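Everything on this sheet refers to the single structure shown next.
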Number of protein chains: 2
Amino acid sequence: MRKIEITDVSLRDGIQSLLATRVRTEDMLDIVEILDKCGFYSLEVWGGATFDVCLRFLKEDPWERLRKFKERAKNTKLEMLLRGQNLVGYRHYPDDVVEAFVKKAYDNGIEVFRIFDALNDTRNLRKAIETAKKVGAIVKGVLSYTISPVHTVEYYVEIARQLVDMGIDIISIKDQAGILSPKVSYELVKALKSEFPKYPVHLHTQTSANLAEMAQLKGIEAGADMIDTAFYSLSSQTSHPAGEIMIYVLREFGYQVDVDEKLYQKAGDLFVQVRKKYKKFDVLPPYPDVGVLLHQIPGGMITNFISQLREQGMEEKLPDVLEEVVRVREDLGYPPLVTPTSQIVGSQAFLNVLHGERYKVVTKEVKDYVKGLYGRPPAPIKEEVLRKVLGDEEPLYHIRPADLLEPELERIREEAIKAGAKSEEDVLSYALFPLVAKEFFEWREKGEPYVPELEEKEEKRENIPVEFVITVH
Amino acid sequence: MRKIEITDVSLRDGIQSLLATRVRTEDMLDIVEILDKCGFYSLEVWGGATFDVCLRFLKEDPWERLRKFKERAKNTKLEMLLRGQNLVGYRHYPDDVVEAFVKKAYDNGIEVFRIFDALNDTRNLRKAIETAKKVGAIVKGVLSYTISPVHTVEYYVEIARQLVDMGIDIISIKDQAGILSPKVSYELVKALKSEFPKYPVHLHTQTSANLAEMAQLKGIEAGADMIDTAFYSLSSQTSHPAGEIMIYVLREFGYQVDVDEKLYQKAGDLFVQVRKKYKKFDVLPPYPDVGVLLHQIPGGMITNFISQLREQGMEEKLPDVLEEVVRVREDLGYPPLVTPTSQIVGSQAFLNVLHGERYKVVTKEVKDYVKGLYGRPPAPIKEEVLRKVLGDEEPLYHIRPADLLEPELERIREEAIKAGAKSEEDVLSYALFPLVAKEFFEWREKGEPYVPELEEKEEKRENIPVEFVITVH
Ligand SMILES: [Co+2]
Ligand SMILES: [Co+2]
C-alpha cells in the first residue's frame with residue numbers, strides 16, 4: 001500500500017489565492033492548532049505574499065506571526081514558499097541577504113523550504129537551496145509549470161536534474177496557473193519517477209480551471225508521493241483541491257493517507273466564519289477560469305487588463321491585448337506567466353497595443369529581462385526583438401544575475417536601525433521592503449491600535465502589490 | 001479513437017442547481033441558439049423543477065418555453081429529466097396522465113427522455129419508458145446512485161437489466177448528491193459495459209463534492225460513452241463539470257469530442273451577465289460540500305435543518321438530527337436522499353428528535369412509504385419500524401403503486417377548462433399542479449405584466465417547493 005503525504009496550504013496559499021492574503025494571525029491560531037493534530041507532512045503557512053502583506057496592510061510583524069504559528073504547531077513541520085533569489089519580494093536580492101533570510105526563517109520555525117524561480121533558471125535557486133540545506137532544512141526544489149513548445153517533459157527532467165545536483169530533497173511540481181492537465185501530470189510524474197527513483201515527487205496544483213483534482217489523481221497513479229491541499233472552506237476557485245475529498249478518493253483506491261479527515265473538516269468548519277469576516281476580499285467568481293486553457297492567460301491578469309483599458313477608454317481593445325500577450329510571451333522565450341514575468345509581459349503587451357506599434361516604447365523591466373537580469377529565458381528571445389530592445393548591447397545570459405549584485409546587508413543594517421529596526425529580523429524586513437518596513441516600524445513605535453478596514457467599499461485589486469500592475473513609462 | 005458524446009445541462013440542471021430554477025426564458029434564448037451550434041448530443045432544457053417553477057414563480061407557460069427552445073434548436077435534440085411516475089411533480093400520477101404528458105412533451109419538442117425513480121423501483125419507470133419509446137423518442141434509463149450496503153455494483157447491474165428489458169436506449173447513471181467516487185464510477189461503468197456491451201453508458205455527476213470531474217474521467221477510462229456538462233458560468237458548486245474543461249482533458253487523452261469548445265465558452269461568457277441579474281438566488285458557498293462524503297446528507301438538507309431547528313429554538317440538536325437521518329434512512333431500507341425521499345426521511349428524523357422518542361409521531365409520507373405507495377424500498381424496512389408504523393396492516397410491495405390509482409385525465413379535463421385551461425397542454429399543467437396552474441391561468445387572463453422580484457431581500461429557501469420542507473403533522 002503506497003503512502004501519500006499531504007501538506008496543507010490553506011493558511012498561506014489558500015488565503016493568498018482567495019482572500020488577497022488579508023487574514024490576520026489572530027484568526028488563524030486556533031486553526032493551526034487543529035491542523036497540527038491532523039497528521040500532515042507539513043503546513044505551508046509562510047512566504048509568498050504573506051510577508052509583504054503582513055507589513056504593508058495588516059501592520060503585523062511577519063516574523064512574529066511565524067513564531068506564533070510555531071508555538072502552536074508542536075507536531076508538524078512548518079513550510080514556506082520562497083521565490084528563489086527574490087525571496088518573498090519582487091526583485092533579486094544579493095546573496096548575503098538571501099543567506100541571512102533563509103537562516104532566520106529556519107531559526108524562527110520554517111523546516112521545509114519550497115523554492116522556485118519564475119524562469120526555472122536554477123542559478124536563481126542555488127543560494128537559497130545551499131543555505132537551507134546547510135542549516136538542516138528540507139528542500140522542495142520546484143519546477144514552475146507552464147505550457148509552451150519548449151516546456152516539454154524532457155525540459156522539466158533536465159531542470160529537475162540540476163536541482164537534484166544542488167542537493168534538494170523533494171522534486172516539486174508547481175502549477176501556479178492551474179493548467180497542468182491530468183495527462184501531462186501523469187507523463188511528467190512518470191518521467192521524473194523513472195529518472196529519479198529515489199526522490200519523492202510532490203504535486204502543487206491550483207484549482208483555477210478545475211483540473212487540479214484530476215491532475216493529482218493521475219499524477220499519483222504515475223507515482224507521485226506528495227500533494228498539497230486546503231481544507232474545504234479555503235479550497236477550490238483559484239486555490240487548491242479540498243483535502244477531505246482527496247483523502248476519501250485516495251483511500252478508496254487503496255493508498256494509505258495518515259490524515260484525520262474529520263479533524264481536518266473541523267478546521268474547515270471553523271474557517272467558514274472567519275471567511276465571512278473577510279468577505280470584502282472574497283471577490284472571485286465561484287466557477288472555473290476556462291479561458292486559461294485556450295490562451296494560457298490567467299483570469300486575474302485579464303481582469304486587470306479590463307480595468308486598465310477602461311481607464312484609457314479603450315475597453316474594445318481587450319482581444320487585441322490578449323493576442324498581444326500571447327505574441328510577447330513568445331517573443332520573450334515563453335516565460336511562465338507568474339510574478340514577476342506576468343507583469344513584464346503584460347505591461348509590454350499593453351504598451352504595444354496602446355502605441356499601435358510593437359516595442360516602440362519598451363518598459364525598463366523588459367529591457368532588464370531581455371538583458372538577462374532576471375535570468376535565462378526558457379527559449380531564446382526573438383533576434384529581432386532582442387536587437388530592438390538592446391541595440392548593440394549584448395545580453396548577459398552567461399552571468400548568474402545575483403553575481404552582478406553587491407552585498408547589501410552591512411550597509412542596510414545601519415539604515416534599518418535608523419529607521420526603527422529592533423532585531424536582525426527587522427533588518428531583513430527592511431532589506432526586502434525598505435519603505436514599507438520603515439512605515440511599519442514607525443507605526444509600531446507609536447503603539448496605535450490597528451483598525452482593520454473590513455467593511456469598507458471594495459478596494460481596487462490593483463493596489464495589491466502581488467497583482468499585475470501596468471505602469472506606463 | 002473512442003468518441004465521447006456530451007449533453008449540455010446548463011439551462012435545466014445548471015439553473016436548477018445554482019439559481020433555484022428562477023432564470024426566465026427570455027434570458028436563455030440566445031444561449032440556446034449558441035448551444036445548438038456547438039455539436040452536442042443533446043441539450044437538457046426541460047423537466048425536473050423547471051415546470052413547476054415556471055408556473056409558480058415565473059408566470060411562464062412551461063410548454064411555451066419548450067416550443068421557443070425548440071424553434072432555436074434546429075440541429076440538436078432537446079432532452080428532459082422525468083421523475084418516472086412523478087413526471088415533473090411530487091406525487092405519483094396515474095398512467096393516463098403519464099402517457100398524455102410524455103406524448104405532449106414529445107409533440108412540443110423533447111426527443112430524449114432521461115427517466116429516473118428515487119427508489120430505483122423500475123415499475124415506476126415502466127409507463128413513461130413504454131410511452132416514450134412508442135412515440136419514437138430516445139430513452140436514457142436511469143440508475144439513481146447512492147451509497148449503502150445494498151447499493152452495490154451488482155444491485156445496479158440488476159436495475160440496468162430491468163431497464164434494458166423495458167426497451168431503453170442508453171444506460172444512465174445519475175449521481176444527484178455528487179457522491180459517486182472515481183473508483184466506484186470506474187467499477188460501475190466497467191460492470192455495465194461488460195454486461196450490456198451494446199448499450200451506451202451515460203454519466204451524470206453533480207460537482208457538489210468536487211468528485212464529478214474525477215468520476216467522469218475514470219468512468220470514461222472504464223468505457224463510458226456519454227457525459228453531462230455545463231458551460232463554465234453555470235458549472236461547479238452543486239452543478240456539473242465545466243464542459244470546456246472536460247473537452248480539453250478528454251481530447252488530450254485521445255478521445256474524440258465533436259464539440260466546438262470556443263463557441264461553448266461564448267455561451268458561458270454570455271451567461272456571466274445573466275447570472276448577475278439573478279444574484280438574489282445565487283447563494284451557495286463557492287467551496288465543495290465535503291460533509292456529504294462522511295454521512296451522505298447533502299448540504300442543502302443540512303441548511304434546511306438548521307433553519308427549521310432555529311425556528312424551534314433547538315439549534316444545538318443539529319448533530320442529533322443528522323445522526324437520526326442516518327438511522328431513519330437505514331430503518332427505511334436506504335432510500336437515496338433525493339426528492340421525494342429526502343423529505344420523507346428528513347421530516348421523520350426531525351420529529352424523532354423533537355419528540356425525544358423514535359416514531360412516536362409518524363408522518364403521513366412515512367406511512368405511505370412504508371406501505372409501499374412510493375414503491376419497493378431498496379432494502380427491507382426494519383421489522384420493528386414496519387410494525388410500529390403499519391400495525392397489523394400488510395405492506396403492498398407486490399403491487400405497482402400506479403396500479404392503485406384510478407385514471408384521472410377525463411375527470412380533470414373538465415375541471416381544468418373551468419379553471420381556464422385553453423389547450424391539452426394546459427390541462428396537463430392543471431393535472432400536475434391544480435392550484436398553481438389555476439392561479440397561472442387567471443393571471444394570464446388578466447394580462448398583467450410580470451414583475452420579476454430580483455432586487456428584493458433574500459427569499460427564504462424553504463419557500464421553494466423543490467427543496468426540503470419539514471411539516472409537523
Ligand atoms: Co499554489
Ligand atoms: Co444533475
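Every value quoted in this text rests on a predicted model; they were computed, and no experiment measured them. Below, read A as the first sequence line, B as the second, and so on, with proteins coming before strands; counting in each chain starts at 1.
- For A/Q265, the part lying near chain B is the side chain, with the backbone staying farther off; criterion is any non-hydrogen pair under 4.5 Å.
- A distance of 10.0 Å separates CE in B/M246 from CG in A/N210, rounded to the nearest 0.5 Å.
- Of all the listed residues (A/P285, A/P288, A/P241, A/A209), the one sharing the greatest number of non-hydrogen pairs under 4.5 Å with chain B is A/P288.
- Considering only heavy-atom pairs separated by less than 4.5 Å from chain B, the leading option among A/Q237, A/E252, A/E244 is A/E252.
- A/Y232 and B/Y287 get closest at one heavy-atom pair: O-CB, 3.1 Å.
- At least one side-chain heavy atom of A/P286 sits less than 4.5 Å from a side-chain heavy atom of B/R275.
- Contact annotation for A/E221: only side-chain heavy atoms (C-beta onward) come within less than 4.5 Å of a heavy atom of chain B.
- Remark: B/K183 NZ to A/L217 CG distance equals 12.5 Å, nearest 0.5 Å.
- Residues A/E261 and B/L294 form a side-chain contact, since some pair of their non-hydrogen atoms from C-beta on lies under 4.5 Å apart.
- For the pair B/I245 and A/M214, the minimum side-chain heavy-atom distance is below 4.5 Å.
- Annotation: maximal heavy-atom pairing with chain A below 4.5 Å, among B/G268, B/S239, B/S181, occurs at B/S181.
- Of the atoms belonging to B/E187, not a single heavy atom falls under 4.5 Å from chain A.
- Contacts between B/L293 and chain A at a heavy-atom distance below 4.5 Å involve backbone atoms as well as side-chain atoms.
- Using a 4.5 Å cut-off between heavy atoms, A/Y248 contacts chain B through its side chain alone, with no backbone atom that close.
- Residue with the most contacts toward chain B among A/S236, A/S233, A/A242: A/S233 (heavy-atom pairs, distance under 4.5 Å).
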Legend entry - Steps toward side chain to side chain contact (heavy atoms under 4.5 Å, CB included) verdict (A/V290, B/F231): CA-CA 9 Å; A/V290 295; B/F231 47 70; over 6 Å; no
